[in-house]
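Here's the structure, in structure tokens; my notes come after.
Read the numbers this way: they start at 1 and go in the same order the structure lists the ligands and their atoms. Note: hydrogens, waters and symmetry copies are ignored here, and every other heavy atom, side chains too, is used.
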Amino acid sequence: MLVVPRSCDFLVIGAGVIGITIAWELRRRYGVRVCVIDKEAAVGMHASGRNSGVLHAGVYYKPHSLKARLCVEGNKRMRDYCRDRGIPLNEHGKVIVTRKEAELTALRELYERARSNGVTVALLDAAELKEIEPCARTVGQALYVKETSVVDPQQVMKSLANEAVKDGVEFRLRCTWEGFAGMDQVRTSQGALSYGYLVNCAGLFADQVAHAHGVGTQYKILPFRGQFYRLRPESKVKVRGNIYPVPDLRNPFLGIHFTARPNGDVTMGPSALPLFGREQYEGLTGVTASDCLTMLGFLTRLWSRNQDHFRSIAWTELKKLSRRGFFHEARGLVKGLVQEDLLIGKSPGIRAQLVDMQTSELTSDFVVEHGSYSTHVLNAVSPAFTSSLPFAEYVVNLIKEKVQ
Ligand SMILES: Cc1cc2nc3c(=O)[nH]c(=O)nc-3n(C[C@H](O)[C@H](O)[C@H](O)COP(=O)(O)OP(=O)(O)OC[C@H]3O[C@@H](n4cnc5c(N)ncnc54)[C@H](O)[C@@H]3O)c2cc1C
């Protein structure tokens with residue numbers, strides 16, 4: 001019998017933070033041949049290199065959820081990782097402030113959630129808040145989260161990829177997954193690749209790869225663009241760490257916030273605008289006819305059912321499209337902000353939000369599903385960057401259980 005050698009034991013689709021950490025974990029743990037493919041010319045070109053860089057502490061997530069567990073551990077592990085490699089961190093922590101009295105109930109709910117998740121938090125009065133973030137404003141109380149830190153995500157991505165390569169992971173860039181070609185083969189822009197096991201970490205396209213394997217067919221990805229502004233360096237507003245609003249806990253978005261990056265820049269954002277193309281970074285670029293039709297279908301359905309308060313999310317987000325609307329959202333968090341303080345910010349990122357088509361609900365927890373000889377990471381939304389190191393171990397443990 002003719003035996004055709006396999007291209008690799010594990011084929012990982014996507015060189016974002018999830019694909020790279022899983023590939024590295026597989027290689028380190030089992031010494032197997034792992035190949036990561038990505039359609040771009042460099043790693044971390046999408047969400048992983050374009051996010052806010054906040055290492056979340058684990059305040060928001062429902063106790064016992066996968067997000068809560070992996071975020072708390074991931075925060076500690078990623079901070080240690082950065083310290084060990086000399087990657088700069090801003091470790092001034094974060095405050096969550098209220099803009100009206102009605103938000104105090106949700107603030108206390110966050111305090112309870114954080115404590116249940118094992119996160120160190122403190123309720124502050126106005127004087128204590130002033131000590132930590134002199135320019136933050138709040139009504140009554142604020143929450144202080146010491147462990148929240150900020151990194152430059154691109155530095156982290158470069159470092160992770162370099163270490164994975166050093167440990168023997170192979171990367172094939174400008175290599176696009178184009179389809180499933182039978183039991184153990186995929187079609188790519190660089191020809192057919194054969195594998196023993198496939199791990200799908202394709203971010204905004206992860207549902208398409210999963211569907212080709214007959215997995216996760218009730219899900220689709222809905223893209224939301226996060227736009228950022230930069231605070232004018234001469235502004236009267238000074239930010240030391242992070243200033244966040246109390247989010248609407250029914251929605252998956254945290255709201256526009258101020259983040260002081262390790263290089264001294266302060267960003268404001270991100271917004272969360274529903275899009276008609278998965279990579280619609282600006283204007284109509286990245287919009288395809290089929291995506292557009294699918295997205296219109298989702299939006300109409302969500303709008304008419306008002307699921308997850310979709311209309312109010314959409315309306316709030318539409319207002320943030322203009323600089324003026326964005327300014328109105330941001331000024332509730334700090335004293336002394338003027339519209340001229342908002343400068344064009346860093347490049348936007350797009351959130352690959354999973355929607356359950358059977359219920360039309362936005363899925364909140366991480367989702368990992370399996371096919372035969374394949375595993376699919378389907379909802380690696382925030383805080384997946386923070387959680388990536390323990391998340392990779394979690395996924396590799398699932399794979400191990402499956403193949404044993
Ligand atoms: C605006 C914004 C702000 C965020 N802020 C934070 C934050 O502060 N803290 C935090 O923890 N998380 C944050 N997140 C979330 C975090 O960035 C993501 O959860 C994480 O980066 C997801 O990583 P990933 O590897 O799954 O996806 P990606 O980084 O998108 O990687 C997927 C990769 O798959 C590749 N790919 C896709 N299709 C194909 C194909 N057909 N063939 C080959 N390759 C393909 C893409 O090119 C891409 O490189 C934020 C996200 C956004 C959008």
What residue and atom, counting heavy atoms only, is the protein's closest point to [atom], and at what distance?
atom	result
atom 11 (O) of ligand 1	T386 OG1, 2.7 Å
atom 37 (C) of ligand 1	A202 O, 3.2 Å
atom 13 (C) of ligand 1	S382 OG, 3.5 Å
atom 9 (N) of ligand 1	V54 O, 2.8 Å
atom 41 (N) of ligand 1	W177 O, 3.2 Å

Answer yes or no on whether [X] is positioned over the face of [Y], meaning its NZ or CZ is under 6.0 Å from the six-membered ring centre and within 45° of the axis.
X	Y	answer
K320	F326	no
R50	F228	no
R113	Y61	no

May I ask you to check whether Y219 and H376 show a side-chain donor-acceptor distance below 3.5 Å?
no

Hydrogens and angles aside, do Q280 and R278 bring a side-chain donor and acceptor to less than 3.5 Å of each other?
no

Which atoms from ligand 1 have a heavy atom of [X] less than 4.0 Å away?
X	result
R351	53 (C)
G203	27 (O), 32 (C)
P383	10 (C), 11 (O), 12 (N)
G53	8 (O)
A380	18 (C), 19 (O), 20 (C), 22 (C), 26 (O)
G14	33 (C), 34 (O), 35 (C)
F205	37 (C), 38 (N)
E40	47 (O)

Within a strict 4.5 Å, meaning less than it, do heavy atoms of the W177 and I37 side chains meet?
yes

Do V119 and V72 have side chains that get closer than 4.5 Å, going by heavy atoms?
yes

Taking NZ, NE, NH1 and NH2 as the nitrogens, is one of them in [X] or [Y] under 4.0 Å from a carboxylate oxygen of the other?
X	Y	answer
E73	K76	no
D80	R77	no
E170	R172	yes

So does [X] have more than 12 non-hydrogen atoms from other groups sitting under 6.0 Å from [atom1]?
X	atom1	value
Y373	OH	no
Q218	CD	yes
E234	CD	yes

Before giving the answer on salt bridge (charged side-chain N to carboxylate O under 4.0 Å, His left out), spell out for K400 and E393 the whole-Å C-alpha distance, their side-chain angles and the decisive distance to 0.1 Å.
CA-CA 10 Å; K400 182 178 164 213; E393 287 173 7; over 6 Å; no

Between [X] and ligand 1, which part of the residue brings a heavy atom under 4.0 Å of the ligand: side chain, backbone, both or neither?
X	result
Q208	neither
F385	both
C201	backbone
C175	backbone
I350	backbone

What do you reckon, does [X] have a nitrogen or oxygen under 3.5 Å from a nitrogen or oxygen of ligand 1?
X	result
I18	yes
L204	no
V17	yes

Can a non-hydrogen atom of T176 be found less than 4.0 Å from any atom of ligand 1?
yes

Considering [options] one by one, which has a heavy atom nearer to [atom] than any of the others?
atom	options	answer
atom 39 (C) of ligand 1	K39, E279, R50, M78	K39
atom 35 (C) of ligand 1	N51, N200, D38, V381	D38
atom 23 (O) of ligand 1	G16, S48, G269	S48

Check the pair K67 / D365 against salt bridge (charged side-chain N to carboxylate O under 4.0 Å, His left out), numbers first and verdict last.
CA-CA 6 Å; K67 269 190 178 177; D365 212 351; 5.8 Å; no

